[in-house]
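Below: the structure, in structure tokens.
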Amino acid sequence: MDETLTPIYEQVLRRNPGELEFHQAVREVFDSLGPVVRKHPHYTEAAVLQRLCEPERQIIFRVPWVDDRGQVQIHRGFRVQYSSALGPYKGGLRFHPSVYLGIVKFLGFEQIFKNALTGMPIGGGKGGSDFDPRGRSDGEVMRFCQSFMTELHRHIGEHTDVPAGDIGVGGREIGYLFGQYKRMTNRYESGVLTGKGLTWGGSLVRTEATGYGTVLFAERMLGTRGEGLDGRTVGVSGAGNVAVHAVEKAQALGARVVTFSDSSGYVVDPAGVDLELLRDVKVEHRGRAEDYAARRPGARFVAGGSVWDVPADVALPCATQNELDEAAARRLVAHGVRAVAEGANMPCTPGAVAVLREAGVLFGPGKAANAGGVATSALEMQQNASRDSWTFEHTESRLSEIMTAIHDRCAATAEEYGRPGDYVLGANVAGFRRVADAMLAQGLT
Ligand code: NDP
């Protein structure tokens with residue numbers, strides 16, 4: 001890390017004790033910014049980085065609700081409104097037992113640069129709760145979402161803060177949250193949430209966008225070396241929204257997807273994942289990876305373990321943070337992996353990223369590779385603002401253009417700073433400069 005940045009990073013550690021994921025996310029960005037602060041000292045003079053590390057607003061609230069047995073349950077809700085330099089705060093809600101302030105801040109911090117990189121008018125934010133929707137009835141999930149929104153509604157709005165989904169928050173949860181927002185405010189304000197149902201303000205392609213975009217990014221990276229996904233084997237982790245649509249798009253581009261996983265273990269399917277069966281098991285029935293293997297001849301389930309033990313030409317980690325560590329990266333390299341694109345947020349540990357970069361593997365960081373989701377959320381906001389709804393083809397072609405632009409912006413920035421092919425530097429620097437310039441123009445806020 002550049003010596004001018006070290007004291008700022010040390011201050012982040014002191015002011016945010018115990019928030020390990022947040023420290024990791026800040027460090028990852030700071031490691032790229034040395035050449036920028038040396039070339040443009042006015043960013044340091046205006047304390048842009050210190051300001052970016054301190055969210056504009058952090059809200060923590062109680063979420064009481066009653067379960068199916070009549071017992072009162074108490075959870076903790078979060079919304080961290082990080083940066084509004086480029087537009088209303090924008091970023092998903094995560095419902096998972098591991099959620100605490102450090103996770104929400106890491107995700108919100110990354111979101112600032114990701115959103116800037118899309119070139120769209122959206123700021124950065126993130127939120128969620130330590131509530132676990134898995135194993136809960138629809139009625140319980142609804143009551144939880146209603147209680148969560150009863151507090152959150154006073155902090156959000158189409159021009160203020162626009163949440164969406166993330167782990168544990170899909171179409172069902174967004175529906176309950178939107179219904180309660182409407183009831184609390186007495187306004188049909190479609191643009192307050194994205195990821196809505198298609199008959200009530202949602203956008204075609206939003207559900208698919210993160211997974212599709214990640215694969216398009218991987219294809220574009222491979223293209224710089226005259227390669228592509230056609231005929232390649234692909235390993236995917238996770239079996240949620242991002243993973244399922246990454247599988248779909250990779251197959252559409254001619255790849256054979258040989259793995260997926262969930263929190264119980266992973267599946268190896270040498271013939272190529274049966275997308276219909278995967279959807280039926282994980283999306284329709286909210287079942288386990290093991291159920292897929294039981295119904296699919298030739299596939300096997302491995303309890304626990306690492307999905308990255310399975311050889312693949314292209315790896316798409318689409319589950320959660322820090323799921324691909326240094327040892328896993330070494331195995332992927334030993335098996336000849338060509339490219340890794342992060343569908344999840346920060347799924348590769350710093351050690352893993354170092355191994356991949358050293359081995360010359362194409363590496364697309366989540367900030368760039370999974371930005372198709374939030375970009376399509378911004379397209380949903382555009383449609384809501386104009387009371388319009390676009391066709392699947394039109395929206396998908398916009399997504400594809402945006403992913404190409406993000407890729408090319410990262411590549412050009414890496415080139416400009418003397419590190420061709422370094423998408424980590426390209427993404428961090430291009431995202432940072434856009435948001436930093438807006439902050440400078442807007443004065444000390
Ligand atoms: P989902 O809740 O739909 O799916 C998450 C999947 O990951 C589930 O299959 C879950 O398993 C699995 N998983 C969770 N934790 C682990 C673990 N420790 N080990 C193995 N598998 C695990 O979430 P999404 O698909 O929406 O999100 C996945 C990632 O993508 C997250 O990092 C998210 O922040 C990121 N992302 C999502 C976007 C979106 O548009 N949804 C946008 C940009 C990034 P199980 O089924 O057992 O719960």
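Indexing begins at 1, ligand by ligand and atom by atom, following the structure's order. Worth knowing before you read on, the calculation uses all heavy atoms, side chains too, and leaves out hydrogens, waters and symmetry mates.
- Remark: distances from the non-hydrogen atoms of Gly170 to ligand 1 are all 4.0 Å or more.
- With contacts defined as side-chain heavy-atom distances shorter than 4.5 Å, the pair Pro365/Val424 qualifies.
- Atoms of ligand 1 found under 4.0 Å from any heavy atom of Arg206 (numbered from 1 in listed order, with element): 40 (O).
- Considering OG1 of Thr320 and CG of Asp166, their distance stands at 8.5 Å, rounded to 0.5 Å.
- Take Arg330 and apply the salt bridge (Lys or Arg N to Asp or Glu O under 4.0 Å) test, not counting sequence neighbours, and it matches Glu326.
- The shortest heavy-atom distance from Arg286 to ligand 1 is not under 4.0 Å.
- Contacts with ligand 1 closer than 4.0 Å are made by heavy atoms of both the backbone and the side chain of Asp262.
- For the residue pair Ser263 / Arg288, a side-chain donor-acceptor distance below 3.5 Å is found, with atom types taken as modelled.
- Between Phe61 and Phe148, the ring planes are tilted. Angles from 30° to 60° get that label.
- Residue-level proximity to ligand 1 for Glu323 is absent, since no heavy atom of it falls below 4.0 angstrom.
- With hydrogens and angles left out, the side-chain atoms of Tyr292 and Asp280 include no donor and acceptor closer than 3.5 Å.
- When hydrogens are left out, the protein atom nearest atom 46 (O) of ligand 1 is Lys282 NZ, 2.8 Å; that is the closest non-hydrogen contact.
- At least one heavy atom of Gly343 lies less than 4.0 angstrom from ligand 1.
- Listed by number with element, the atoms of ligand 1 under 4.0 angstrom from any heavy atom of Arg288 are 47 (O).
- Atom 22 (C) of ligand 1 has its nearest heavy-atom neighbour, among Ala319, Ser261, Gly304, in Ala319.
- Using cut-offs of 30° and 60° for the angle between ring planes, the Phe22 and Tyr82 rings count as tilted.
- Of all the heavy atoms of Ala164, none lies under 4.0 Å from any atom of ligand 1, so neither backbone nor side chain is involved.
- Using modelled atom types and a 3.5 Å distance limit, the side chains of Gln383 and Asp388 yield no donor-acceptor pair.
- In terms of protein heavy-atom proximity, atom 41 (N) of ligand 1 is nearest to Asn241 OD1, 3.8 Å.
- Using bins of under 30°, 30° to 60° and over 60° for the plane-to-plane angle, the ring pair Phe144/Trp65 lands in the perpendicular bin.
- Heavy atoms of Arg134 come nearer than 4.0 angstrom to ligand 1 in at least one pair.
- Here atom 34 (O) of ligand 1 lies nearest to Asp166 when heavy atoms of Asp166, Thr214, Leu107 are compared.
- The stretch residues 194-220 participates, sequence neighbours left out, in these salt bridge (charged side-chain N to carboxylate O under 4.0 Å, His left out) pairs: Lys196-Glu380, Arg220-Asp408.
- Heavy-atom proximity to atom 27 (O) of ligand 1, evaluated over Thr376, Ile167, Ile103, is greatest for Ile167.
- For ligand 1, the atoms closer than 4.0 angstrom to any heavy atom of Gly168 are 2 (O).
- Between Thr210 and ligand 1, a contact under 3.5 Å exists for at least one N or O pair.
- The residue among Ser263, Ser237, Gly240 with a heavy atom at the shortest distance from atom 5 (C) of ligand 1 is Gly240.
- In this structure, the separation between NZ on Lys182 and NE2 on His153 is 14.0 Å, given to the nearest 0.5 Å.
- Shortest non-hydrogen contact noted between Pro317 and Ala341 is CD-O, 3.2 Å.
- Residue Arg94 has at least one heavy-atom neighbour below 4.0 Å for each of these atoms of ligand 1: 31 (C), 32 (O), 33 (C), 34 (O).
- Neither the backbone nor the side chain of Gln321 comes within 4.0 Å of ligand 1, counting heavy atoms alone.
- Atom 24 (P) of ligand 1 has its closest protein heavy atom at Val242 CG2, 3.8 Å.
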